[in-house]
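Below, chain A is the first sequence line, B the second, and so on; all start at residue 1.
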Amino acid sequence: MSARNPKTGPPRATLADAEVLRAVLDSASTPAFALDNEQRVFFVNRALADLLRIAPEVLLGKSIAELVDLMGTGLPDPAAYRARLESLAADSEKISVAQWDYNTDARLTFKELSQPIRLSDGSVLGRLFHYFDITREKELDQTKSEFISIASHELRTPMTSIKGSLDLLLGGFAGEVNDETRELLVIAHSGCERLIRLINDILDLSKIEAGKMQLRLHRMNLVDSVQRSVRTVKSYADSLNVKLEVEVAEPLPEICGDKDRLDQVVTNLLGNAIKFSPPEGTVTVSVKAVEDGVECRVIDTGPGIPADQVDRIFDKFHQVVGPSKKKGGTGLGLTIARALVVEHNGRIWAESQLGRGSQFNFTIPAAPPEA
Amino acid sequence: MKVLLAEDEEDIQRLATLGLRKRKDWQVVLAADGEECLAMARSEHPDVILLDVMMPNLDGFATCEQLKADAATRDIPVIFLTASAQEREEQRGLAKGAIGYLRKPFDPLQLPQQVLDLLARAGNNPASSG
């Protein structure tokens, strides 16, 4: 069955050692099975048989339909699972990752990894399905989302008291304030606003990571989002003496978008561009039609991003390290912007040259023609 | 304009009241929870109700539902004013029949105008814009 070489010690398995391979796969604690090219089960490991509480010999030779029937009420959606297995079994190339739920005494969640079983000559023997239990991770994710939601609510309430009081004082409610007092109140107010942005960003990110971001999609023109966002950041740009320019190349196709979320994306990109622009600098936002939809570019004349950081600029809590570092961001804005663009089936990317400025671009697919 | 503010946090009651009363002829009556809000909606006949969500006894969503189920209060416009910031909560609030959903923190001095804008958008004619 296996050859023991006295010089090298332990026995080495060869391809012919089916029994050894079966023992190896049986020893794995992660459930697995394999289908042959006739789409019948030709291998089941011990972990899967234990999970299903069905003897391996009962499962062997079964078709996909029979396998799904045997899993019975354990499957929350047997039809969907059967369709996925059939589609993958007919595909000799695809490597697929999916979520698979199975009810035993409790509902378990698995990550299903499926890939063709390929021999050394390239021929395909069948397809392997391998299941990794992620139930605990899912529970932790849920707990994290709930914690963030509660923390967000609980932080907002005292923030309302602090910011509301500052708003009233700054609004002259308690009488005129002198310049020194006003300066201190403005500092406190801006700290509050930064904290609120952080709370909002953490809440958004938590939703995105939990796959719970709900877009309210309507047919719209991206230019409207750009114009609203320009109005939003205008006073900020003025305060830093940065000029804003808008270039629109008509005609533009409509897109299917969530107006508030796209405003958030453009406002974030513009806010960053203004923040990193020198006084007298210019931020240009341009919108034009491209092959796959509409493209928006936000171009600044700031210090640029070091080449080794351009790809990481969209990562969570990443802030550019170097002489250009400026305070005031949450480190989440670009992560959220990217996630929102991706939710719209769009693309977002950055280009930058040190000393010459940066350009943030995103595209949103055109809406399908109206019926 | 008579505003019924249902809010359990005293600080926030005070701040909102200060902001709302900056408008001439605006009157604010306070309820500390959902049940009190229901009773005062019937007795005080407010022009608009500002409703917190997380309150003792009866939360804002349940309060809104009951306001809309009662012929005596169903026509009073309801606006949520809440720290429950998630979109699904906003959708839930609007589905209960509210005309608007304002998130905390809010600027007390902007609050009257936000209320007027929401009333105008919903087609209500405020008794007085102050």
K.L.:
Would you say that more than 12 heavy atoms from the other residues, nucleotides or ligands in this model lie under 6.0 Å from the NZ of Lys2(B), or not?
P.N.:
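Yes, because the 6.0 Å sphere around NZ of Lys2(B) holds more than 12 heavy atoms from other groups.
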K.L.:
Minimum heavy-atom separation for Leu15(B) to Thr160(A), with atom names?
P.N.:
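Leu15(B) and Thr160(A) have their closest heavy atoms at CD1-O, 3.7 Å.
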K.L.:
For each of Gln110(B), Met54(B), Arg103(B), tally heavy-atom pairs with chain A at distances under 4.5 Å, and name the one with the top tally.
P.N.:
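Maximum pair count with chain A is reached by Met54(B).
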K.L.:
Can you spot which of Ile12(B), Thr82(B), Asp52(B) makes a side-chain contact (heavy atoms from CB on, under 4.5 Å) with Thr157(A)?
P.N.:
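Of the listed residues Ile12(B), Thr82(B), Asp52(B), the side-chain contact (heavy atoms from CB on, under 4.5 Å) partner of Thr157(A) is Ile12(B).
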K.L.:
Surrounding CD of Gln142(A) (heavy atoms of other residues, nucleotides or ligands, distance under 6.0 Å), is the total greater than 12?
P.N.:
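For Gln142(A), atom CD is crowded (more than 12 foreign heavy atoms under 6.0 Å).
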K.L.:
Heavy-atom distances under 4.5 Å only: say whether Gln91(B) touches chain A with side chain, backbone, both or neither.
P.N.:
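Interface part for Gln91(B): side chain.
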K.L.:
Do other residues, nucleotides or ligands put more than 12 heavy atoms under 6.0 Å from the NZ atom of Lys138(A)?
P.N.:
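Open: at most 12 neighbouring heavy atoms sit under 6.0 Å from NZ of Lys138(A).
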K.L.:
Could you tell me which non-hydrogen atom of Arg156(A) sits nearest to which non-hydrogen atom of Ala83(B), and how far apart they are?
P.N.:
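Arg156(A) and Ala83(B) have their closest heavy atoms at CD-O, 3.1 Å.
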K.L.:
Checking heavy atoms, do the side chain of Leu203(A), its backbone, both or neither come under 4.5 Å from chain B?
P.N.:
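Contact with chain B is through the side chain of Leu203(A) alone.
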K.L.:
What closest approach, in Å, do Leu109(B) and Asp167(A) show between heavy atoms, and which atom pair accounts for it?
P.N.:
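Looking at all heavy atoms of both residues, the shortest contact is CD1-O, 3.6 Å.
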K.L.:
Just checking Glu10(B): does its CD atom have more than 12 heavy atoms from other residues, nucleotides or ligands closer to it than 6.0 angstrom?
P.N.:
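Open.
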K.L.:
Which atoms form the tightest heavy-atom contact between Phe173(A) and Leu18(B), and what is the distance?
P.N.:
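Minimum heavy-atom separation between Phe173(A) and Leu18(B): CZ-CD2, 3.3 Å.
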K.L.:
Has Gln99(A) got more than 12 heavy atoms of other residues, nucleotides or ligands less than 6.0 Å from its CD?
P.N.:
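More than 12 heavy atoms, drawn from other residues, nucleotides or ligands, come within 6.0 Å of this atom.
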K.L.:
If you look at every heavy atom in Gln86(B) and Ser149(A), which pair is closest and at what distance?
P.N.:
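Looks like NE2-OG, 3.0 Å.
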K.L.:
Heavy-atom cut-off 4.5 Å, strictly under: side chain, backbone, both or neither for Glu87(B) against chain A?
P.N.:
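Both backbone and side chain of Glu87(B) come within 4.5 Å of chain A.
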K.L.:
Check Ser161(A) against Asp11(B) and note the closest heavy-atom contact, atom names and distance.
P.N.:
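That would be OG-CB, 3.5 Å.
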K.L.:
Check whether more than 12 heavy atoms from other residues, nucleotides or ligands sit under 6.0 Å from atom CZ of Arg228(A), and answer yes or no.
P.N.:
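For Arg228(A), atom CZ is crowded (more than 12 foreign heavy atoms under 6.0 Å).
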K.L.:
So, taking the atom named NZ in Lys207(A) and the one named CZ in Arg88(B), what distance separates them when rounded to the nearest 0.5 Å?
P.N.:
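Separation between the atoms: 8.0 Å.
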